[in-house]
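The structure under discussion appears below in the form of structure tokens.
None of the values given here were measured: they were computed from a predicted structure. Along the sequence shown, residues carry numbers from 1. The analysis underlying the following values was restricted to heavy atoms, covering all of them including side chains, and did not include hydrogens, waters or symmetry mates.
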Amino acid sequence: MNNRETFEKGLALRKELNGADFIDEMFRTADDFNLPMQEMVTEHAWGAIWTRPQLYRRSRSMLNLGMLAALNRQDELAGHIKVALKNGVTKTEIRECFLQVAVYAGMPAGMTAFRVARQVFKDLGD
């Protein structure tokens with residue numbers, strides 16, 4: 001697969017899971033400074049990794065939740081909580097991921113993840 005094919009696969013998946021309007025807006029408002037980052041994350045993260053068939057999407061979502069929570073990447077965590085819900089990860093499973101983060105990565109990381117998740121659930125009307 002060439003870079004363009006990988007990018008297109010990533011773009012399609014990114015739009016499916018994050019919403020086409022949201023992703024279109026990210027590219028529409030990108031400038032010379034951040035457009036290369038949007039292209040890179042689309043091609044490499046979403047196109048080259050997320051589309052691999054060796055793990056189910058919900059497994060990838062749960063991995064991302066744990067990593068993003070442990071690394072305290074709150075902005076990305078909020079978006080990936082939404083993606084995880086679309087990928088079939090339940091609120092109970094999200095809770096369990098963040099409890100495990102608290103034990104292995106520290107209570108502050110776990111507490112922050114719970115706070116972010118509660119806000120996402122509230123924003124979604126859940």
Side-chain angles (χ1 to χ4, degrees):
M1 185 170 2
N2 66 38
N3 293 355
R4 190 67 196 169
E5 289 173 306
T6 305
F7 176 86
E8 292 300 330
K9 282 178 63 177
L11 184 61
L13 181 58
R14 204 173 172 198
K15 286 182 176 186
E16 176 188 336
L17 295 178
N18 292 285
D21 291 343
F22 178 72
I23 299 303
D24 288 342
E25 180 71 8
M26 291 180 83
F27 276 95
R28 189 185 67 70
T29 60
D31 56 25
D32 290 341
F33 178 74
N34 71 333
L35 180 60
M37 177 55 79
Q38 289 299 321
E39 292 170 338
M40 186 171 77
V41 74
T42 301
E43 179 182 345
H44 296 284
W46 292 97
I49 297 301
W50 270 88
T51 61
R52 292 175 60 84
Q54 288 79 9
L55 286 178
Y56 294 113
R57 288 183 188 175
R58 66 187 312 278
S59 297
R60 290 192 191 280
S61 281
M62 290 170 68
L63 283 166
N64 276 12
L65 294 180
M67 290 185 289
L68 292 169
L71 292 168
N72 199 24
R73 304 299 195 257
Q74 296 172 40
D75 292 337
E76 289 295 315
L77 179 60
H80 277 279
I81 290 169
K82 294 174 189 173
V83 168
L85 291 166
K86 286 184 180 179
N87 282 333
V89 180
T90 67
K91 283 177 66 175
T92 300
E93 290 169 323
I94 292 170
R95 179 189 67 212
E96 295 302 313
C97 286
F98 295 157
L99 288 171
Q100 190 156 335
V101 164
V103 169
Y104 284 92
M107 292 299 170
M111 294 294 291
T112 298
F114 269 87
R115 181 183 51 75
V116 171
R118 288 185 73 207
Q119 186 61 52
V120 169
F121 299 149
K122 179 181 175 185
D123 292 348
L124 294 174
D126 192 8

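By the rule that hydrophobic residues join a cluster once side-chain heavy atoms approach within less than 4.5 Å of another member, Val116 and Leu99 end up as members of one cluster. The cluster map of Ile, Leu, Val, Met, Phe, Trp and Tyr, joined by side-chain heavy atoms under 4.5 Å apart, puts Tyr56 and Ile49 in different clusters. A continuous path of hydrophobic side-chain contacts links Phe121 to Leu68 [ILVMFWY only; heavy atoms under 4.5 Å]. In terms of hydrophobic clustering, with Ile, Leu, Val, Met, Phe, Trp and Tyr side chains grouped at heavy-atom distances under 4.5 Å, Ile81 and Phe22 are assigned to different clusters. Residues Phe114 and Leu77 fall within the same hydrophobic cluster, defined by Ile, Leu, Val, Met, Phe, Trp and Tyr side chains chained together at heavy-atom separations under 4.5 Å.
A heavy-atom distance below 4.5 Å is found between the side chains of Arg57 and Leu13. Residues Phe27 and Glu39 meet the side-chain proximity criterion, which asks for heavy atoms closer than 4.5 Å.
Atoms CZ and OG1, from Arg73 and Thr112 in turn, are 12.5 Å apart once rounded to the nearest 0.5 Å. In this structure, CD in Gln119 is found 10.0 Å from CG in Leu124, a value given to the nearest 0.5 Å. A distance of 9.5 Å separates NZ in Lys91 from CZ in Arg118, rounded to the nearest 0.5 Å. Between Asp24 atom CG and Leu11 atom CG the span is 7.5 Å, to the nearest 0.5 Å. Here CE of Met40 is found 10.0 Å from CD of Gln38. Values are rounded to the nearest 0.5 Å. Taken from CG in Asn64 to CG in Asn87, the straight-line distance is 10.0 Å, to the nearest 0.5 Å.
A pairwise comparison of heavy atoms in Pro36 and Asp31 identifies CD-O, 4.4 Å as the closest pair. Taking all atoms of both residues into account, the shortest heavy-atom contact from Arg58 to Gly88 is NH2-O, 3.4 Å. When every heavy atom of Ala117 is checked against every heavy atom of Phe98, the shortest pair comes out as CB-CE1, 3.8 Å. In terms of heavy atoms, Ala48 sits closest to Thr6 at N-CG2, 3.5 Å. Heavy atoms only, all atoms of each residue included: Val101 and Ala70 are closest at CG1-N, 4.0 Å. For the pair Ala113 and Ala69, the tightest heavy-atom approach, listed with the atom from each and the gap, is CB-CB, 3.7 Å.
Other residues, nucleotides and ligands place more than 12 heavy atoms under 6.0 Å from the CD atom of Glu93. Other residues, nucleotides and ligands contribute only 12 or fewer heavy atoms inside 6.0 Å of the OH atom of Tyr104. By the 6.0 Å contact criterion, CG on Asp32 is open, its count of non-hydrogen atoms from other residues, nucleotides or ligands being 12 or less.
The pair Glu5-Lys9 does not meet the salt-bridge criterion, since no charged nitrogen lies less than 4.0 angstrom from a carboxylate oxygen.
Checked against Leu17 for a side-chain contact (heavy atoms from CB on, under 4.5 Å), the options Ile23, Leu85, Val83 give a single hit: Val83.
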Requested in this report: Please assess Lys86 against Glu16 for the test side-chain contact (heavy atoms from CB on, under 4.5 Å), listing each intermediate value before the final yes or no.
Outcome: CA-CA 9 Å; Lys86 286 184 180 179; Glu16 176 188 336; over 6 Å; no

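Using cut-offs of 30° and 60° for the angle between ring planes, the Trp50 and His80 rings count as parallel.
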